[in-house]
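We count ligands from 1, going down the list as the structure has it; atoms in each ligand are counted the same way.
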Amino acid sequence: MKLKLLRVDLSSRKWNSEELGVDFIEKFIGGRGLAAKLIWDEIPEGVDPFSSRNKLVIAGGPLSGLPIPSAGKLVIASKSPSTLGYGDGNIGSRASVQLKKAGYDAVIFEGSSGNPVHVHVSNDGAKFLDADELWGKNTFEKEDLLTEKVGEKSGALVIGPGGENLVRYATIMSQKGRAGGRTGMGAIMGSKKLAAVTFQGDGNVRVHDQARLSSLAKEAYQEIKNSEDYDFWTRQGTMLAVRLTNQNSALPTRNFSEGVFESADAIDGYSMEKMKVNRRGCPACNMQCGNIVHDVDGREAELDYENIAMLGPNLGIGDLKSAAALNRLCDEGGIDTISTGSSVGFAMEAAEKDIIDSDICFGSYEDAKKTVQGIIERNGLGDQLAEGVKRTADVWGQGSGDWAMHVKNLEISAYNCHTFPGMALAFGTSPIGAHHKDCWVIAWEIEHGREDYSKEKIQEILSHQRKRGGAFECFTTCRLPWIEVGFDLEWYEEFFEAATGISLTWEDFDEVGDRIYSLIRSIFVREFGEQWNKEMDLPPERWFNEPLSKGEHKGKSLDREKYLDFLEKYYESRGWNNDGIPTEKTLKEQGLDFVLPEIERELHR
Ligand code: PTT
Ligand code: SF4
């Protein structure tokens with residue numbers, strides 16, 4: 001078993017392919033592991049993310065694209081224009097299946113093109129096509145044009161005007177509703193003038209034991225379908241979280257100042273069910289969780305919890321069709337809904353406090369729409385907000401940094417953590433900046449002492465980070481069958497062996513997860529040098545200094561001293577030093593000796 005990498009140089013318009021063997025797979029698996037290793041090896045410290053020296057990795061793994069449950073995913077990674085460290089995102093798309101069918105597991109783009117380009121990947125390698133007619137179009141229009149050009153069976157990854165205009169949180173879209181790369185991967189494509197990548201394979205995917213994989217898959221799909229939670233999940237998908245978060249003061253409301261929203265019922269999963277006209281999802285998945293509704297303009301929009309929470313309550317908007325329209329606008333423009341909702345909410349608060357000369361206000365759909373449009377086009381106020389909340393707070397000053405809701409410059413996803421220290425730590429230590437993808441402990445905290453800063457909680461966080469941030473990002477498959485309908489983790493050991501012929505257990509997968517965490521942390525430390533410090537793992541001041549003023553948890557907030565102690569204990573459990581840097585011993589044990597020379601100075605300061 002080998003992983004096959006297609007290397008595409010956009011400057012010279014040449015390509016070649018390389019192979020990575022069993023040793024590499026055992027150590028890094030694929031997906032995020034592959035991307036982190038390539039980024040460590042090939043992107044030198046200090047490179048401007050928008051320069052041609054930055055690279056973009058589109059990485060599948062040993063399981064991605066295979067006809068097994070929810071395996072139609074890909075990781076997209078680069079040096080992030082948002083965090084200036086390692087950044088990635090995960091997308092479900094036919095691109096995952098077609099990449100495999102074309103005979104590759106991953107593609108790395110280097111250099112940049114002078115003119116807009118569309119790269120088509122097939123069994124014949126990479127083909128460079130003129131993309132003048134695509135440039136300037138929104139993501140839906142681009143996908144329609146690409147379908148005409150390369151056929152509807154192909155998989156496409158496209159950017160919108162947001163990516164072309166280098167919005168720092170521009171994302172990559174596929175299938176008019178799948179989004180991946182909120183760390184600015186769309187802007188990296190834009191900086192390389194890469195308008196779209198399409199994939200179309202004609203080959204059969206070679207796996208170690210096809211018969212065993214097929215029989216496992218048949219059984220596995222059935223098990224998922226028979227699960228108790230399957231019906232509810234396919235009705236509500238991630239929208240089920242609105243009620244849970246609102247009931248527990250975790251629903252981001254008016255720029256995360258509160259955790260309960262007065263109109264939550266109108267935008268929750270039950271209200272959505274009444275409006276739902278269809279559902280969609282990723283290939284190879286029988287849980288199809290994309291909820292399609294009609295927005296205020298009667299157009300289709302695909303809803304997820306994060307999108308609605310950030311473009312609804314976080315902006316004071318309690319109308320689902322309006323939030324859906326903002327969701328659709330972000331999808332067409334190719335910008336991340338989470339960072340957009342955070343940036344617009346931040347500006348509304350700044351306007352309310354007279355820090356900026358603007359009359360936009362919470363609760364106004366028209367104001368939100370105008371501001372989102374401005375971000376996509378980089379017009380007026382939108383031009384500043386396209387830089388993200390941290391950079392904007394640095395410009396606006398007047399204490400606004402305290403309520404710029406980010407960690408490491410990446411805007412926080414839709415969970416208010418005034419009373420959730422574990423989730424706050426998960427955001428603080430997420431390897432790509434504040435994202436919930438690697439760890440989501442809200443429900444666990446509710447059950448096991450929500451306001452505790454306990455060692456047990458740290459173990460729970462580590463376990464999430466190892467599995468969600470490690471194995472699932474490396475395989476690369478969707479984690480939701482496991483999380484949402486209780487699909488047993490043991491299946492993945494079997495899938496892995498049938499696909500690769502390599503026998504690894506969850507203990508081995510967890511080790512890979514820890515290795516990747518240390519490697520990504522080393523990328524940040526190398527990048528930030530002496531500026532690196534543990535403050536970078538802290539959530540915003542608002543959660544420490546501005547207690548909730550509403551709801552059951554009124555008056556509560558995080559405790560800074562306890563959080564710092566919690567963070568140090570977390571570092572200790574990871575084998576990192578007091579500055580949050582992996583120790584020499586840990587790096588050696590994890591087989592990462594090669595990073596030592598480049599972070600030694602920070603390690604021994
Ligand atoms: C992900 C982040 C999320 S996570 C959501 S909703 W979520 C937002 N979706 C956006 C969107 O839509 N449009 C848009 N313009 N911006 C958006 N930004 C937000 O991006 C997604 C699902 C979901 S829905 C989740 S939790 C799970 N995420 C997985 C993951 O990260 N890894 C993995 N192995 N499996 C996962 N399964 C689930 O996939 P980022 P998708 Mg996404 C319209 O990209 O950068 O990681 O940010 O991929 O195909 O849309 O599936 O309540
Ligand atoms: Fe995609 Fe949802 Fe299926 Fe996961 S559960 S693969 S996000 S459709």
Side-chain angles (χ1 to χ4, degrees), residues 31-32 61 63-64 68-77 80 82 87-96 139 157 159-160 162-163 167 169-186 224 230 233-234 237-242 279-292 301-311 324 326-342 372 376 410-411 413-415 430 432-433 435-438 440 467-485 487:
R32 178 183 263 181
L63 302 184
S64 62
I68 57 173
S70 316
K73 293 271 186 185
L74 284 173
V75 164
I76 306 167
S80 160
S82 164
D88 69 18
N90 192 302
I91 193 164
S93 165
R94 281 192 302 277
S96 168
T139 62
L157 301 178
I159 57 167
V167 174
Y169 42 86
T171 192
I172 292 172
M173 297 293 303
S174 190
Q175 299 178 200
K176 300 182 178 176
R178 313 270 98 207
R182 54 177 305 251
T183 47
M185 299 302 105
I224 288 173
Y230 181 81
W233 174 258
T234 51
T238 57
M239 287 291 288
L240 59 81
V242 176
R279 64 189 174 102
R280 285 203 290 257
C282 313
C285 177
N286 65 344
M287 290 170 53
Q288 302 290 290
C289 66
N291 299 303
I292 312 295
E302 186 170 334
L303 310 188
D304 266 304
Y305 166 74
E306 302 293 326
N307 308 344
I308 291 311
M310 295 305 292
L311 299 169
L326 296 173
N327 188 161
R328 163 115 185 190
L329 188 57
C330 290
D331 288 351
E332 287 178 329
I335 58 171
D336 175 58
T337 51
I338 298 171
S339 291
T340 303
S342 193
V372 174
I376 295 168
L410 186 71
E411 289 74 18
S413 1
Y415 305 96
S430 151
I432 57 167
H435 197 359
H436 63 290
K437 123 182 13 228
D438 285 56
W440 189 82
K467 293 184 170 51
R468 295 166 61 124
F472 282 98
E473 292 310 304
C474 294
F475 285 156
T476 310
T477 63
C478 181
R479 60 171 189 261
L480 298 181
W482 165 52
I483 292 170
E484 303 295 349
V485 303
F487 184 59

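Nearest protein heavy-atom neighbour of atom 46 (O) of ligand 1: K437 NZ, 3.0 Å. For atom 10 (C) of ligand 1, the nearest non-hydrogen atom of the protein is N307 OD1, 3.3 Å. What sits closest to atom 41 (P) of ligand 1 on the protein, heavy atoms only, is R178 NH1, 3.5 Å. For atom 43 (C) of ligand 1, the closest non-hydrogen atom on the protein side is G177 O, 3.1 Å. Looking only at heavy atoms of the protein, atom 14 (C) of ligand 1 is closest to D331 OD1, 3.1 Å. Distance from atom 6 (S) of ligand 1 to its nearest protein heavy atom, with residue and atom name: D304 CB, 3.4 Å. With hydrogens left out, the protein atom closest to atom 52 (O) of ligand 1 is E306 CG, 3.3 Å, a heavy atom. When hydrogens are left out, the protein atom nearest atom 32 (N) of ligand 1 is E473 OE2, 2.6 Å; that is the closest non-hydrogen contact.
Atom CD of Q175 is separated from atom OG1 of T139 by 12.0 Å, given to the nearest 0.5 angstrom. Rounding to the nearest 0.5 Å gives a distance of 5.0 Å between OG of S342 and CD of E411. Separating the OG1 atom in T171 from the CG atom in L157 is a distance of 10.5 Å, to the nearest 0.5 Å. Here the CG atom belonging to D331 is positioned 6.5 Å from the CG atom belonging to N307, to the nearest 0.5 angstrom. Atom CG of residue L63 and atom OG1 of residue T476 lie 8.5 Å apart, to the nearest 0.5 angstrom. Atom CG of D336 sits about 7.5 Å away from atom CG of L410, to the nearest 0.5 Å.
For atom 42 (Mg) of ligand 1, the set of nearby N, O or S atoms under 2.8 Å includes one belonging to A179. At a threshold of 2.8 Å, atom 42 (Mg) of ligand 1 has no backbone or side-chain N, O or S atom of T171 nearer than that distance. Residue side and main chain included, C478 places an N/O/S atom under 2.8 Å of atom 4 (Fe) of ligand 2.
The shortest N/O to N/O separation between T183 and ligand 1 does not fall below 3.5 Å. In terms of polar-atom proximity, I335 is counted as a contact of ligand 1, with an N or O under 3.5 Å from an N or O of the ligand. For ligand 1, the polar-atom distance check against L480 finds no nitrogen or oxygen pair separated by under 3.5 Å. Polar contact check, D336 against ligand 1: a nitrogen or oxygen pair lies under 3.5 Å apart. An N or O contact shorter than 3.5 Å links G181 to ligand 1 by distance.
Using cut-offs of 30° and 60° on the angle between ring planes, the pair W440 and Y415 is perpendicular.
The nearest pair of heavy atoms linking L480 to W233 is CD1-CZ2, 3.7 Å. For the residue pair S64 and K73, the shortest heavy atom distance occurs at CB-O, 3.4 Å. Closest of all the heavy-atom pairs between K176 and E302 is O-OE1, 4.0 Å. The two residues C330 and V372 come nearest to each other via the heavy atoms SG-CG1, 4.1 Å.
When heavy-atom distances to ligand 1 are checked against a 4.0 Å cut-off, H435 comes that close only through its side chain, counted from C-beta outward. Residue contacts with ligand 1 for R479 involve both N, CA, C or O and side-chain atoms from C-beta outward (heavy atoms, distance under 4.0 Å). Residue T337 touches ligand 1 through backbone and side chain together, judged by heavy-atom distances below 4.0 Å. Heavy atoms of N90 found under 4.0 angstrom from ligand 1 belong to the backbone as well as the side chain. At a heavy-atom distance under 4.0 Å, no atom of T476 approaches ligand 1. Of the heavy atoms in H436, only side-chain atoms (C-beta onward) come closer than 4.0 Å to ligand 1.
Distance screen at 4.0 Å: atom 38 (C) of ligand 1 has a protein heavy-atom neighbour inside the cut-off.
Numbered from 1 in the order shown, with element, the atoms of ligand 1 that lie under 4.0 Å from a heavy atom of I91 read 48 (O), 49 (O). Taking every non-hydrogen atom of Q288 and a distance limit under 4.0 Å, the qualifying atoms of ligand 2 come out as 8 (S). Near C285, meaning under 4.0 Å from one of its heavy atoms, ligand 2 places the atoms 3 (Fe), 5 (S), 6 (S), 8 (S). Counting atoms of ligand 2 from 1 in the listed order, those under 4.0 Å from a heavy atom of S70 are 6 (S). Counting atoms of ligand 2 from 1 in the listed order, those under 4.0 Å from a heavy atom of R178 are 1 (Fe), 7 (S). Atoms of ligand 1 found under 4.0 Å from any heavy atom of G92, numbered from 1 in the order shown, are 41 (P), 48 (O), 49 (O). Contact atoms of ligand 2 toward C289: 2 (Fe), 5 (S), 7 (S), 8 (S) (distance under 4.0 Å to a heavy atom of the residue). Using a 4.0 Å cut-off to heavy atoms of C282, the atoms of ligand 2 that qualify are 1 (Fe), 6 (S), 7 (S), 8 (S).
Side-chain polar atoms of S93 and S174 form a donor-acceptor pair below 3.5 angstrom. No donor-acceptor contact under 3.5 angstrom links the side chains of T234 and R279, judged on distance only. Defined by atom type and a distance below 3.5 Å, a donor-acceptor pair is missing between the side-chain atoms of S430 and D438.
Put simply, no part of E484 is less than 4.0 Å from ligand 2, judged by heavy atoms. Residue contact check for ligand 1: T340 places no non-hydrogen atom closer than 4.0 Å to it.
With hydrogens and angles ignored, the 3.5 Å screen pairs no side-chain donor or acceptor of T183 with any backbone N or O of S80.
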